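For reference, the structure is listed below as structure tokens.
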Amino acid sequence: MALVSVANLILSFGDLRVLDGVNLTLEAGQHVGMVGRNGCGKSTLLKLIGNRGGLKPDSGHVQLARGAKAGYLTQDPDLNPENTLRQEAGTALAELDTLHKEIDQVSHDMAEATGDELDRLLKRYEQLEVKMHALGGYATDHLIDQILHGLGLTDDVFDVKVRDLSGGQKGRLALGKLLLSHPDVLLLDEPTNHLDIAGRQWLEGFLATYSGAVLMVSHDRWVLDRVVTKIYEMEAGRLVEYPGNYQKYRVQRAERQLAQQRAFDKQQTSMKQEAAFIARYKAGQRAKQAKGREKRLDRFKRDDALERPIEFDTMKLRFKVGPRSSDNVIITHELGVEYDKRKLFDHLSVTIKRGDTIGIIGPNGAGKSTVIRCMLGEQESTQGHAKLGSQVNVGHYKQTHEHLNLSLTVMEYLRPITVNQLEQEARDLAGAFLFSGDSQDKPMEVLSGGERSRAVLAGLVAGGHNLLVLDEPTNHLDISSTERLEEALRQFCEPAAGYGANKSPEGTLLIISHDRMLLDNLATQLLVFDGEGGVKHFLGTYSEYIQTQGADAVVKDDTVQAAPKPTKSKTAKQKAPTKTETPKNAKGGKPQRKKSRYSHMSQSKLDAMIEKTEAKLAELDTLLADPEVYQDGRRFSELHDEREKVQAELTPLEAEWARRADEG
């Protein structure tokens, strides 16, 4: 049975038809991606399914299965500013708290019930237990910590008021609350926007084994490759379905477009031949036949003619490479930076050669943008030094665009960058980046994030740089624009051709990005920041790097920043109680933890079960660390799914062990 059913959905804003007969179904366990150009209606469809924003379709319907709950990740989360981060995360488990209270009441009633009443209470208790364990069981504290840590929220911000969090932290908190609530249908609109690579890896692992349905709008091709089994593309207000992940979608989409174009061209040729026959014999002896064929042709054009395949405009993106730079573009020696006695990084010695393509990765706040500013002489380092080579012309794309004069129009911003600084040149350049008509005269301050990114990229294209430094250039770009940028950057860094004075220039690229597919397709070297003051220069691609780590960090998500497990020494085991003690009062010590289904198990049996489960977990971790397994998507998913089940078995066992240790 479908959890979500969308049939013939039509929605218009004025004269603009946004959704034009959309059909979609989602079954339990289905993980589906939705792609399409910015502004094509993807977010609007999610809001209609999630019943958000007060939107109502003009016709058609959206139906959610009876009893099913849909959770929608909004870009403007509703959070209580007076709660701490952890308190706000805990509000997502309100349903679980209610279940705990009802289970306690049913347990109390069972102590005095007999006969049919006892049977009824036993059945109710079993129903509540099943529902409770589906939502996280008794280990709620562990579940909250696991999800918040996985999304990159560390213990030091748990007690910070929501009102004092950054925009990125609020976005991750909103995502964490949604995942904790465990709805039957997850509606995710760009869930990776505020996540670094580690957070994206963790989210992949979480979604890969999510038992409910997932409908995700995302521009992250790496995530779409590893999480979804079907992709819908929004095209002219309609959804086109492609089975498989992102790579399969690309192949199928190209084949479909080619087939459509061939069928259209063939039909056009046939229609032209028919029209030629009609024109030739319309006034002659075969006029009656020509007239009949003309009627058939008109009827065919009206009822059966194929529509011309849709051709979307794309950015005309090709970076102009400036004069050749020196062989050594940037040299750093023992470079390091500290802020308030916190070491961002140190002892970085690296030589960047002309033609190098270097990706810079690491957690948010690890110093990636800082090292770039030091390399370019925009910021003083606290140790060591950096030197820029001769004849290096830098084009710097800054993530926040703080260098822009937002009062300028698009045309006014681009005109000084063009070769002859003529208005028509600026308008032609703006047109190549999809700014047409009045949009060329819009002030930069009113542009969307994607439009502003396109304007800055247009300036870089015309700038004639031989070193491009890009800080998260794809944040606001849709997939088609990202792939066009990727191809242009590949051409920019192509090895020099020709000889002597005719030798072509060769660009150098430094790129900070959480877009792993972009990194993997471009970078041949990496600067890897660990967030703890360390930085490593790796010679190889991103795929080669994660293979040297054993496997992508997604397989380690359960241990990232997790609280240390209690040490099960013999002394500690001897102290673990076999009887339940009275809870401590509010004035002294910790309150007693709630009992679990393992409360009546002997200590020796509990220890044995924990050891057996941990051994199985270690065995699965070893298999998941095998690079060959990681490359096999199906095998990886199966093992990861099994590991999640084993971890789910271990969590309540450890919670019971810790409860006894606390009461000992």
Side-chain angles (χ1 to χ4, degrees), residues 315-333 335 348 350-360 368-369 371-379 385-399 401 403-404 413-421 425-426 429 432-433 453-474 482 484-513 518-519 521-527 537 539 541:
M315 294 191 299
K316 308 300 189 292
L317 190 54
R318 186 177 180 91
F319 291 97
K320 177 184 176 184
V321 186
R324 286 167 60 84
S325 68
S326 57
D327 289 342
N328 294 332
V329 176
I330 298 174
I331 299 175
T332 71
H333 178 70
L335 195 65
L348 176 60
V350 62
T351 299
I352 299 172
K353 300 281 190 180
R354 184 180 62 249
D356 282 349
T357 54
I358 299 180
I360 303 176
K368 303 186 298 294
S369 297
V371 78
I372 288 295
R373 290 195 295 269
C374 291
M375 287 179 172
L376 300 182
E378 298 175 1
Q379 176 178 329
H385 64 270
K387 181 182 178 182
L388 205 60
S390 62
Q391 294 185 314
V392 175
N393 186 335
V394 182
H396 191 180
Y397 180 99
K398 299 180 181 180
Q399 181 181 0
H401 303 318
H403 62 295
L404 296 179
Y413 169 71
L414 293 177
R415 183 171 179 176
I417 303 172
T418 57
V419 177
N420 299 307
Q421 299 187 10
E425 278 185 311
L429 179 61
F433 281 78
S453 295
R454 283 192 273 118
V456 175
L457 288 172
L460 291 178
V461 162
H465 309 290
N466 52 34
L467 169 62
L468 288 179
V469 180
L470 310 181
D471 192 348
E472 297 291 355
T474 62
T482 295
R484 187 68 193 92
L485 172 63
E486 184 180 296
E487 178 59 29
L489 291 173
R490 185 182 293 109
Q491 294 171 353
F492 175 80
C493 298
E494 283 179 348
Y499 298 93
N502 296 321
K503 192 171 185 178
S504 64
E506 184 177 18
T508 306
L509 174 66
L510 294 178
I511 182 166
I512 300 173
S513 183
L518 181 74
L519 288 168
N521 291 341
L522 288 176
T524 57
Q525 302 177 42
L526 298 173
L527 288 179
H537 185 199
L539 299 177
T541 65

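Given the structure is predicted, the values throughout are model-derived calculations rather than measurements.
Looking at residues two or more places apart in sequence or on another chain, you find no side chain to side chain donor-acceptor pair (under 3.5 Å) involving Ser326. Take Glu472 and apply the salt bridge (Lys or Arg N to Asp or Glu O under 4.0 Å) test, not counting sequence neighbours, and it matches no residue. For Tyr413, the ring-ring contact (aromatic ring centres under 6.0 Å, His included) criterion is met by no residue, not counting sequence neighbours. Partners of Glu378 by side chain to side chain contact (heavy atoms under 4.5 Å, CB included), not counting sequence neighbours, listed by chain and number: Arg373, Leu376, His396, Lys398. Applying the side chain to side chain donor-acceptor pair (under 3.5 Å) test to Ser369 and every residue at least two apart in sequence or in another chain returns Asp471. In terms of the side chain to side chain donor-acceptor pair (under 3.5 Å) criterion, residue partners of Ser453 (sequence neighbours excluded) are, by chain and number, Tyr397. With sequence neighbours left out, Thr332 forms a side chain to side chain contact (heavy atoms under 4.5 Å, CB included) with Ile330, Leu335, Leu348, Val350, Met375, Ala386. Taking Thr351 as the reference, Asn328, Ile331, Lys353 meet the side chain to side chain contact (heavy atoms under 4.5 Å, CB included) condition, with sequence neighbours excluded. In this structure, Glu425 has no salt bridge (Lys or Arg N to Asp or Glu O under 4.0 Å) partners at least two apart in sequence or on a different chain. With sequence neighbours left out, the side chain to side chain contact (heavy atoms under 4.5 Å, CB included) criterion links Ala523 to Leu526. Scanning for ring-ring contact (aromatic ring centres under 6.0 Å, His included) contacts around His385 gives His333, with sequence neighbours left out.
At distances below 3.5 Å, at least one donor-acceptor pair connects side-chain atoms of Asn466 with backbone N or O atoms of Pro323. The main-chain N or O of Gln391 is never found under 3.5 Å from a side-chain atom of Ser325 such that the two would form a donor-acceptor pair.
Among all heavy-atom pairs drawn from Val321 and Phe492, the shortest one is CG2-CD1, 3.4 Å. Nearest heavy atom pair, residue Gly459 against residue Leu414, reads N-CD2, 3.7 Å. Residues Leu429 and Ala458 share a closest heavy-atom pair of CD2-O, 3.7 Å. Minimum interatomic distance between Gln525 and Leu539 (heavy atoms only, all atoms of both residues): OE1-CD2, 3.6 Å. The heavy-atom pair separating Asn393 from Gly463 by the smallest distance is ND2-O, 4.2 Å.
Taking CZ of Arg324 as the reference point, atom OG1 of Thr508 lies at 10.0 Å (rounded to 0.5 Å). One finds the CD1 atom of Ile417 at 7.5 Å from the CG atom of Leu460 (value rounded to the nearest 0.5 Å). Taken from CG in Leu388 to CD1 in Ile352, the straight-line distance is 9.5 Å, to the nearest 0.5 Å. Between the CG atom in Leu519 and the CD1 atom in Ile358 there is a gap of 12.0 Å [rounded to 0.5 Å]. A distance of 4.5 Å separates CD1 of Ile512 from CD1 of Ile360, quoted to the nearest 0.5 Å.
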Item to complete: Walk me through it: do Arg490 and Glu487 pass the test salt bridge (charged side-chain N to carboxylate O under 4.0 Å, His left out)?
Response: CA-CA 5 Å; Arg490 185 182 293 109; Glu487 178 59 29; 2.6 Å; yes

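Taking 4.5 Å as the limit, every side-chain heavy atom of Asp356 sits out of range of all side-chain heavy atoms of Val329. Side-chain contact between Leu470 and Leu489: present, with at least one pair of heavy atoms (C-beta onward) separated by less than 4.5 Å.
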